[in-house]
Amino acid sequence: MMNARYTNEELVTRLWDKEEVKDLMSRRCYYKQNDWRQKELDELWVTNEEYKASASLANNLGYFVGMEDIKKYYVDGIAEKRAAQLEMVKANYPDAEYGNSVMNAHTYHTVMVELAGDGKTARYLAYDHGHQTDPLPDGSAKGYWTSGHILADLVKEDGVWKIWHIKGMHDLSIPSAPVPGAGGGGFGGPPPEGDGGPDGPPPEGGEGGGPGPGGPPMMPDMGPDPYEDDYGTPTVALPYVVKWAWNDLPKQMPNTYTPNETYDPKISYGPDGHPDQLRSWR
């Protein structure tokens, strides 16, 4: 086994490295929750020019590659969205300030950290469970409970762990109340009329109706993906196939947890990794 080669002192260092990786990713949670996005890029992400050029931030639609594209999407694009949201809220609440009616929190847990044998890079995998609320033009708001994965490659720069690649992939987004415009009210509302018999039309991209008269109804039209406005236009696009819900589960578990001696882009969480990933486990 790989660990047989390390002294006790080296094992302690590796254990401490894993704790620093966990701390780094936890800081990222708080920075994002507070919309400290530029602060996050400045303090938590890579600064080496080579790493900056290949850094990536991914969502369900693909990868933003290079710190410049990441900033345009993750900092500037969200700032523009927040400004537009503020104008929307001011129509009903003139004294509103930046960030009013916007709330999000994403917590990372069930954490796995794989440290490369040479100690220079690490891979991070966790579940991402949280919520997001955005304002609507009528003065109300839409809120969602979210579930997904957060995956990251970390690299040690001058003895300090930094974020190199991150994937934030939504599995499911469940509304906290019926969603306006969604057929049948989405997950938060009543099912559509009818019994979804076996001869009924399948849902878009699906494979057949519900089981027989009196069985469960067809999957309702979910309406627009609640994160559609958040995805942006990635530098490297990936196909996005949704069969049953808004945010289908990508196959994101690492394709190996055999310890790796050094960084391998083919099993990384950057755009070179997981080229054959499935977009649904169904």
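Residues: numbered from 1 along the sequence shown. Please read all numbers here as calculations on a predicted model, not as lab measurements.
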Practice prompt. Using a strict cut-off of less than 4.0 Å between a Lys/Arg side-chain nitrogen and an Asp/Glu carboxylate oxygen, indicate whether Glu10 and Arg14 qualify as a salt bridge.
Written response: no
Fill in: Interatomic spacing from OG1 in Thr235 to CG in Asp69 - rounded to 0.5 Å
3.5 Å
Discussion item. Please determine whether the number of non-hydrogen atoms from other residues, nucleotides or ligands lying under 6.0 Å from atom CG of Asp158 exceeds 12.
Written reply: no
Worksheet entry | Working for side-chain contact (heavy atoms from CB on, under 4.5 Å), residues Thr47 and Glu157 | CA-CA 8 Å; Thr47 58; Glu157 286 188 340; 2.8 Å; yes
Fill in: Flag for Tyr31-Arg37: side-chain donor and acceptor within less than 3.5 Å
no
Worksheet item: For the atom pair NZ (Lys39) and CG (Leu44), what is the distance rounded to the nearest 0.5 Å?
Response: 8.5 Å
Worksheet entry | Side-chain heavy atoms of Leu11 within contact of Thr7, under 4.5 Å | no
Worksheet item: When the ring centroid of Trp45 is compared with that of Tyr74, is the distance short of 6.0 Å?
Response: no
Worksheet item: Counting heavy atoms not belonging to Arg27, are there more than 12 under 6.0 Å from its CZ?
Response: no
Practice prompt. Please lay out, stage by stage, how Trp164 and Tyr263 fare under the test ring pair (Phe, Tyr, Trp, His ring centres under 6.0 Å).
Written response: CA-CA 12 Å; Trp164 188 8; Tyr263 173 75; 4.5 Å; yes
Discussion item. Taking Gly117's backbone N and O only, do any of them form a donor-acceptor pair with Tyr6's side chain (distance below 3.5 Å, no angle check)?
Written reply: yes
Practice prompt. Kindly indicate whether the side chain of Thr133, heavy atoms from C-beta on, has any atom under 4.5 Å from the side chain of Lys142.
Written response: no
Fill in: Near-ring test His106/His129, centroid separation under 6.0 angstrom
no
Discussion item. Restricting to non-hydrogen atoms, name the atom on Pro137 and the atom on Asn92 that form the minimum distance, rounded to 0.1 Å.
Written reply: O-ND2, 3.1 Å
Practice prompt. Would you check, one step at a time, whether the test side-chain contact (heavy atoms from CB on, under 4.5 Å) holds for Asn260 with Ile267?
Written response: CA-CA 10 Å; Asn260 295 290; Ile267 57 170; 3.3 Å; yes
Fill in: More than 12 heavy atoms from other groups under 6.0 Å of NZ on Lys90
yes
Worksheet, complete the sentence: Closest non-hydrogen atoms of Ser56 and Gly270, given as atom of the first, atom of the second and distance, are OG-CA, 3.6 Å
Discussion item. If I take atom CG from residue Leu86 and atom CE from residue Met88, how far apart are they, to the nearest 0.5 angstrom?
Written reply: 10.5 Å
Discussion item. Glu9: which residues meet the salt bridge (charged side-chain N to carboxylate O under 4.0 Å, His left out) condition with it, sequence neighbours left out?
Written reply: none
Practice prompt. Mind checking the CG-CE spacing from Asp42 to Met67? Nearest 0.5 Å is all I need.
Written response: 8.0 Å
Worksheet entry | Intermediate values then yes/no, side-chain hydrogen bond (donor to acceptor under 3.5 Å, both in side chains), Gln85 and Asp134 | CA-CA 8 Å; Gln85 288 172 324; Asp134 290 303; 3.0 Å; yes
Practice prompt. Taking Asn34 for its side chain and Trp36 for its backbone only, find out whether a donor-acceptor pair lies under 3.5 Å.
Written response: no
Response to the item:
Between His149 and Leu125, the two heavy atoms sitting closest are CD2-CD1, 4.1 Å
Item to complete: Given side-chain hydrogen bond (donor to acceptor under 3.5 Å, both in side chains), test Gln132 with Thr146 step by step and report yes or no.
Response: CA-CA 8 Å; Gln132 177 163 325; Thr146 65; over 6 Å; no
Worksheet item: Between Glu68 and Lys71, is there a side-chain N and carboxylate O pair less than 4.0 Å apart?
Response: no
Item to complete: State, to 0.1 Å, how close Leu151 and Tyr269 come at their nearest heavy-atom pair, and which atoms those are.
Response: CD2-CE2, 3.4 Å
Worksheet item: Which atoms form the tightest heavy-atom contact between Tyr63 and Ala58, and what is the distance?
Response: CD2-CB, 3.5 Å
Practice prompt. Dump the intermediate steps for side-chain contact (heavy atoms from CB on, under 4.5 Å) on Tyr124 and Ile166, then the final yes or no.
Written response: CA-CA 9 Å; Tyr124 176 99; Ile166 276 189; over 6 Å; no
Worksheet item: Can you name the closest pair of heavy atoms from Phe64 and Ile70 and give their distance?
Response: O-CG1, 3.6 Å
Practice prompt. Could you tell me the separation between the CG atom of Asp118 and the OG1 atom of Thr262, rounded to the nearest 0.5 Å?
Written response: 4.0 Å
Worksheet item: Below 6.0 angstrom between ring centroids: does that apply to His131 and Tyr144?
Response: no
Practice prompt. List for me each residue that meets salt bridge (charged side-chain N to carboxylate O under 4.0 Å, His left out) alongside Asp230, sequence neighbours excluded, and say none if there are none.
Written response: Lys81
Discussion item. Looking at Glu19 and Lys22, is there a salt bridge between them, counting it only when a charged N and a carboxylate O are closer than 4.0 Å?
Written reply: yes
Worksheet item: So among Arg123, Met25, Lys162, which one has a side-chain contact (heavy atoms from CB on, under 4.5 Å) with Leu154?
Response: Met25
Worksheet item: Is it true that atom OH of Tyr98 has more than 12 heavy atoms of other residues, nucleotides or ligands lying nearer than 6.0 Å?
Response: yes
Worksheet, complete the sentence: Applying salt bridge (charged side-chain N to carboxylate O under 4.0 Å, His left out) to Lys32 and not counting sequence neighbours gives none
Worksheet item: Mind checking whether Tyr108 and Arg28 have side chains closer than 4.5 Å, heavy atoms only?
Response: yes
Worksheet item: Is a salt bridge present between Lys266 and Asp272, judged by a nitrogen-to-oxygen distance below 4.0 Å?
Response: no
Worksheet entry | Heavy-atom side-chain proximity of Val65 to Pro271 below 4.5 angstrom | yes
Worksheet entry | Approximate separation, where rounding is to 0.5 Å, of Asn100 CG and Asp95 CG | 9.5 Å
Worksheet item: Mind checking whether Cys29 and Thr107 have side chains closer than 4.5 Å, heavy atoms only?
Response: no
